[in-house]
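Letters A, B, ... are given to chains in the order of the sequence lines, protein chains preceding strands, and every chain is numbered from 1.
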Amino acid sequence: MNPYKDFKEVVKTELEGLIQDGTLPADLDLSRVAVEPPRDAAHGDLATNAALVLAKPAGVKPRDLADTLAKRLRGHADVSDVEVAGPGFINLRLHDRYWHGCLASILRAGASYGDSDLGRGRAVNVEYVSANPTGPLTVGHARGAVVGDAMAAIMAKAGFSVTREYYINDAGTQVDTLARSAYLRYREALGEEIGEIPSGYYPGEYLKDVGQALAARDGPKWLAQPEAEWLPEARRFAIDSLMDLVREDLAALGIEHDVFTSERALVEAGGVDAVLKTLEARGLVYTGTLEPPKGKAPEDWEPRPQTLFRATDFGDDVDRPLRKSDGSWTYFSSDMANHLDKYRRGASTLIDVWGADHGGYVKRMKAAVEALTEGQGRLEVMICQLVKLTRQGVPVKMSKRAGVFVTLREVIDEVGKDVVRFIMLTRKNDAPLDFDLTKVMEQSRDNPVFYVQYAHARVRSVMRHAQEAFPAIAQDPETLANSHLHFLTDSDELALIRLLAQWPRLVESAAETFEPHRVAFYLYDVAAAFHGLWTKGKDNTRLRFLIEGNPELTAARLALIRGTAQVVASGLDVFGVQPVEEMR
RNA sequence: GCGCCCGUAGCUCAGUUGGAUAGAGCACGAGCCUUCUAAGCUUGGGGUCGCAGGUUCGAAUCCUGCCGGGCGCACCA
């Protein structure tokens with residue numbers, strides 16, 4: 001049940017009536033007509049801008065049209081009051097029983113409440129994390145991981161068929177460096193004194209395990225070999241080991257991808273050739289020489305003819321090279337293959353979650369997707385800004401290169417996966433995020449994780465008390481939905497129901513705008529409304545949830561708080577966060 | 001130099017895709033604990049929405065130009 005959607009239909013029906021009787025012209029475009037919750041509760045339950053949007057094309061004054069439309073809306077069974085306000089808004093107030101009906105349907109819908117058919121089953125591919133397999137995941141990776149996972153869950157709830165994908169960058173020079181670093185540790189494992197790790201190698205301790213494992217499996221067979229012999233095997237072994245590590249880290253965050261695509265395998269299978277073929281067929285590949293970048297030319301810049309993709313035809317700033325100077329494919333080329341592959345597997349909407357340092361890459365990839373899919377595919381890139389990790393306000397140093405970094409695992413061990421996940425979603429992904437290890441464990445309103453979880457726990461606590469005090473009241477959703485909900489008459493009770501009624505709308509807007517953080521703010525609002533009600537009962541005993549000697553009223557209030565907990569749980573589920581039964 | 005993102009209360013940030021008198025938390029002022037969990041609640045002050053134009057019934061939101069901050073800028077990934 002989605003009141004805003006339902007009443008949009010009601011408004012449209014009335015507008016069509018006005019078209020039929022000739023009051024409004026026949027060719028009127030109703031697409032901009034909206035029915036929304038007004039910002040100010042004094043403006044009623046729902047508001048529509050219909051008269052404002054249609055007045056001009058219809059050639060009438062907004063207020064006049066509003067009056068005409070208002071008259072018709074007054075006749076609707078669920079509408080208790082209609083007023084025309086401001087420049088021509090129509091504010092609707094609905095009978096309490098309508099909102100009681102909403103609560104009942106929320107309870108009956110259970111976990112599926114908030115599900116939408118917005119996506120109509122269309123396929124969406126969400127690619128996230130895709131970290132190079134050269135070390136354990138860091139807190140920075142975690143943001144992309146959580147944002148991508150939540151976005152995927154939101155798309156799924158909004159009715160899309162979602163694939164969660166991880167693209168393994170296992171083909172570039174970085175994994176060769178990894179292989180050499182692992183080989184060094186392999187020699188070390190076999191008793192060799194390797195001394196200080198030379199620069200240009202990954203120094204991390206975690207590679208010791210890899211070296212030892214390789215030594216345990218293969219013994220000294222690689223020691224006397226030249227690099228060309230051992231490197232491919234060391235590389236394969238190291239990548240496999242580190243991907244296992246990455247998968248473990250992701251599992252600790254509760255994240256599981258559906259598909260892992262290997263860049264190397266994709267290239268070997270001719271993925272880039274397919275890209276080239278597609279682009280050449282459209283005349284989008286040529287040989288040319290690029291201008292050096294203005295302002296900050298690289299020292300080793302030399303004008304040189306290159307194989308280029310006409311990215312400028314699709315809004316990019318310059319055409320992009322497809323081959324490196326040694327003739328091998330650029331990262332961009334293989335990533336194009338990756339995107340073409342995802343598209344050919346059926347996803348016309350592609351969502352990529354990237355770190356801020358890849359911001360300059362967005363235009364070319366969008367251009368590539370447009371070119372490769374002849375405009376049929378759409379790429380949305382969610383850029384995640386830096387996470388500033390602090391402890392009591394003091395920055396915690398992170399440096400992957402130096403090997404002395406804060407791993408995701410350490411942070412999870414300290415504060416728990418649910419806290420990490422929730423906090424990562426409390427900001428727009430393209431804004432920097434402050435993550436204070438001390439603050440996120442505080443039990444105060446200042447800490448959104450706690451505040452939202454506490455709302456859920458508080459409901460469960462009251463339900464437990466109710467079981468003791470009112471053993472006759474069954475607490476299942478169906479029974480509560482059938483209780484005397486008309487006893488819910490307090491303005492704050494009704495306001496809470498209206499807020500709960502916005503959940504489907506919120507899911508859709510988060511999906512349409514690719515903004516998972518909206519869910520976090522919504523949950524905070526729901527928690528605040530609930531806590532407010534709880535406190536109101538402290539001052540006014542008649543507003544408590546459990547009313548001695550009045551099981552009917554108590555059941556109705558239990559329905560309200562159970563519905564609240566259900567929506568909170570639904571939102572947390574989208575975030576991959578477990579709602580708690582009690583605070584400890 | 002160019003591109004992308006950002007600029008909203010003292011601080012940290014929302015702002016329903018262009019709507020009505022711009023909101024919340026923290027901090028500050030004033031109140032509130034015999035209670036279903038005070039791990040909180042109520043209430044007050046606090047704003048040229050970076051600046052200047054433009055678009056229109058209507059702009060924090062869209063366009064242009066500035067100012068300030070972040071990221072990026074052949075052949076890395």
Side-chain angles (χ1 to χ4, degrees), chain A residues 4 32 34 36-40 42-43 47 49 52-53 55-56 61-62 85-89 91 130-132 134 169 171-175 263 289-298 300-304 306 308 316-321 323-328 330-332 334-335 355-363 383 385-386 426-428 430-432 434 442-448 450-451 454 457-459 461-466 469 502 505-506 509 512-513 515 517-518 520-522 524-525 528 531-532 534-539 541 544-547 557 561 582-583:
Chain A
Y4 308 97
R32 286 182 62 215
E36 298 175 329
R39 197 166 297 191
D40 187 342
H43 292 147
N49 62 354
L52 291 163
V53 178
K56 188 174 244 183
K61 287 185 191 165
F89 286 101
N91 296 329
S130 297
N132 297 335
T134 55
N169 302 139
T173 53
Q174 290 190 7
V175 285
E263 176 185 1
T289 307
L290 291 175
E291 297 282 311
K294 295 230 163 69
K296 185 193 147 198
D300 58 348
W301 170 268
E302 51 182 54
R304 182 166 46 77
Q306 299 183 98
L308 299 171
D316 200 359
D317 307 310
V318 289
D319 293 334
R320 301 295 178 179
R323 284 185 193 277
K324 302 182 199 171
S325 52
D326 66 0
S328 63
T330 58
Y331 176 76
F332 178 53
S334 52
D335 207 10
D357 52 339
H358 287 60
Y361 195 76
V362 174
K363 274 192 180 181
I383 294 290
Q385 281 292 342
L386 259 48
T426 52
R427 289 287 176 266
K428 279 193 280 258
D430 55 7
D434 295 317
E442 275 173 15
Q443 300 192 324
S444 74
R445 181 169 186 162
D446 203 14
N447 177 6
F450 163 75
Y451 197 64
Y454 185 32
R458 214 170 210 178
V459 170
S461 168
V462 175
M463 300 300 282
R464 285 192 295 272
H465 278 276
Q502 290 187 34
R505 189 173 186 277
L506 196 109
S509 79
E512 284 176 322
T513 57
E515 293 186 342
H517 74 280
R518 292 183 183 221
F521 285 92
Y522 172 74
Y524 189 85
D525 286 345
H531 288 308
W534 191 93
T535 305
K536 214 171 164 182
K538 218 153 48 71
D539 298 332
T541 51
R544 293 202 185 178
F545 302 134
L546 308 182
I547 304 293
R557 297 225 163 117
I561 66 172
E582 56 184 328
M583 306 306 291

(message) Any N or O donor-acceptor pair under 3.5 Å from the base of B/U16 to the side chain of A/Arg518?
(response) no
(message) Rounded to whole Å, please give me the gap between OH in A/Tyr524 and P in B/G23.
(response) 17 Å
(request) Write down the distance separating the P atoms in B/C41 and B/C49, rounded off to the nearest Å. (result) 30 Å
(message) Minimum heavy-atom separation for A/Asp316 and A/Lys363, please, with both atom names.
(response) OD1-CB, 3.5 Å
(request) Return the nucleotide paired to B/C26: Watson-Crick means purine N1 to pyrimidine N3 with N6-O4 or O6-N4, wobble means G-U with N1-O2 and O6-N3, both under 3.5 Å. (result) B/G10
(request) Using the closest heavy atom to pick a nucleotide of RNA chain B for each, name whichever of A/Thr513 or A/Gly86 lands nearer the 5' end. (result) A/Thr513
(message) Side chain of A/Lys363, heavy atoms from C-beta onward: which of B/G3, B/A77, B/U16 has the nearest atom to it?
(response) B/G3
(message) In whole Å, I'd like the distance from the CD atom of A/Glu291 to the P atom of B/G1.
(response) 18 Å
(message) From the set B/A20, B/A77, B/C13, return the single nucleotide nearest to any side-chain atom of A/Asn91.
(response) B/A20
(request) In whole angstrom, give me the gap between the C1' atoms of B/C66 and B/C73. (result) 23 Å
(request) Describe the nucleic acid contact of A/Glu442 in one word from base, sugar-phosphate, nothing, applying a heavy-atom distance below 4.0 Å. (result) nothing
(message) Rounded to whole Å, how long is the line connecting atom OH of A/Tyr361 with atom P of B/A77?
(response) 9 Å
(message) Checking base pairs now: Watson-Crick or wobble, both atom distances under 3.5 Å. What partners B/U64?
(response) B/A52
(request) Would you name the heavy atoms of A/Trp301 and A/Leu290 that are closest together and state the gap between them? (result) CZ2-O, 3.3 Å
(message) Just to be sure I understand the rule, does A/Gly359 reach a base, reach only the sugar-phosphate, or reach nothing, if contact means heavy atoms closer than 4.0 Å?
(response) nothing
(request) Could you check which nucleotide pairs with B/G45 in any of the strands shown, counting Watson-Crick or G-U wobble with both distances under 3.5 Å? (result) none
(message) Please check this pair: side chain of A/Ser328 against backbone of A/Lys324, looking for a donor-acceptor N/O pair closer than 3.5 Å.
(response) no
(request) Might you point out which heavy atoms bring A/Gln385 and A/Asp430 nearest each other, and give the distance in Å? (result) CG-O, 3.1 Å
(request) Return yes if the base of B/A14 and the side-chain atoms of A/His517 contain a donor-acceptor N/O pair under 3.5 Å, otherwise no. (result) no
(message) Would you measure the distance from the C1' atom in B/G58 across to the matching atom in B/G19 and give it in whole Å?
(response) 7 Å
(message) Please name the nucleotide paired to B/C2 by Watson-Crick or G-U wobble geometry with both distances under 3.5 Å, or report none.
(response) B/G72
(message) Work out how far the P atom of B/G65 is from that of B/G29, and round it to whole angstrom.
(response) 47 Å
(request) Output the single nucleotide from B/C75, B/G70, B/A20 whose closest atom is nearest the side chain of A/Thr330. (result) B/C75
(message) Between P on B/A77 and CZ on A/Arg323, what's the gap in Å once rounded to a whole number?
(response) 15 Å
(request) Mind listing the closest non-hydrogen atom pair of A/Asn169 and A/Ser130 along with its distance? (result) OD1-O, 3.4 Å
(message) Under the criterion of centre distance below 5.5 Å and interplanar angle below 30°, is A/Phe89 classified as stacked on the base of B/A20?
(response) yes
(request) Considering only atom C1', compute the distance from B/C28 to B/G10 and round it to an integer number of Å. (result) 9 Å
(request) Check the chi torsion on B/C33 and let me know: syn if it falls within 90° of 0, anti if not. (result) syn
(message) Output the rounded distance in Å from CZ (A/Arg505) to C1' (B/U16).
(response) 5 Å
(message) Tell me the interatomic distance from A/Asp316, atom CG, to B/C73, atom P, rounded to whole angstroms.
(response) 14 Å
(request) Go through B/C57, B/C6, B/C75 for me and flag the one nearest to the A/Lys56 side chain. (result) B/C57
(message) At under 4.0 Å between heavy atoms, how does the protein contact nucleotides 26-41 of chain B? Give one character per nucleotide, 5' to 3', with B, S or -.
(response) S--------BBBBBSS
(request) May I ask which nucleotide in the shown strands pairs with B/C57, Watson-Crick or G-U wobble, both distances under 3.5 Å? (result) B/G19
(request) Could you check which of B/A20, B/A77, B/G25 has an atom nearest any side-chain atom of A/Ala85? (result) B/A20
(message) Between A/Arg557 (side chain only) and A/Arg544 (backbone N and O only), is there a donor and an acceptor less than 3.5 Å apart?
(response) yes
(request) Evaluate the side-chain proximity of A/Val462 to A/Leu546: yes if any heavy-atom separation is below 4.5 Å, no if none is. (result) yes
(request) Figure out the CG/C1' separation between A/Leu290 and B/C75, and round it to whole Å. (result) 10 Å
(request) Could you tell me whether the phosphate oxygens of B/C13, OP1 or OP2, come under 4.0 Å of any side-chain nitrogen or oxygen in A/Lys428? (result) no
(message) Restricting to non-hydrogen atoms, name the atom on A/Gly355 and the atom on A/Ile383 that form the minimum distance, rounded to 0.1 Å.
(response) O-CD1, 3.9 Å
(request) Could you grab the distance from atom NE2 of A/His43 to atom CZ of A/Phe89, nearest 0.5 Å is fine? (result) 9.0 Å
(request) Fit a plane to each ring of A/Phe332 and A/Tyr361, take the angle between them on a 0 to 90° scale, and name the class: parallel (under 30°), tilted (30 to 60°) or perpendicular (over 60°). (result) perpendicular
(request) Using the C1' atoms only, state how far B/G40 lies from B/G25, rounded to an integer number of Å. (result) 14 Å
(request) Just call it for A/Glu302: base, sugar-phosphate, or nothing, with non-hydrogen atoms closer than 4.0 Å on any strand. (result) base
(request) Would you say whether A/His43 stacks on B/A20? The test is a distance between ring centres of less than 5.5 Å and an angle between planes of less than 30°. (result) yes
(message) For B/A77, does the base pair up with any side-chain atom of A/Asp357 as donor and acceptor (N or O, under 3.5 Å, distance only)?
(response) no
(request) Considering only atom C1', compute the distance from B/G72 to B/A38 and round it to an integer number of Å. (result) 50 Å
(request) Select from A/Phe521 and A/Pro321 the residue whose nearest nucleotide in RNA chain B is closer to the 5' end of that strand. (result) A/Phe521
(message) Using whole Å, what does the distance between atom P of nucleotide B/A22 and atom CZ of A/Arg39 come to?
(response) 9 Å
(request) Take atom C1' in B/A24 and the same atom in B/G70, then report the distance between them in whole Å. (result) 26 Å
(request) Could you tell me which nucleotide pairs with B/A39 by Watson-Crick or G-U wobble geometry, both distances under 3.5 Å, or answer none if nothing does? (result) none
(request) Could you grab the distance from atom OG1 of A/Thr289 to atom CD of A/Gln306, nearest 0.5 Å is fine? (result) 7.5 Å
(request) Have a look at A/Glu512 and say if it touches a base, only the backbone sugar-phosphate, or nothing, with a 4.0 Å heavy-atom cut-off. (result) base
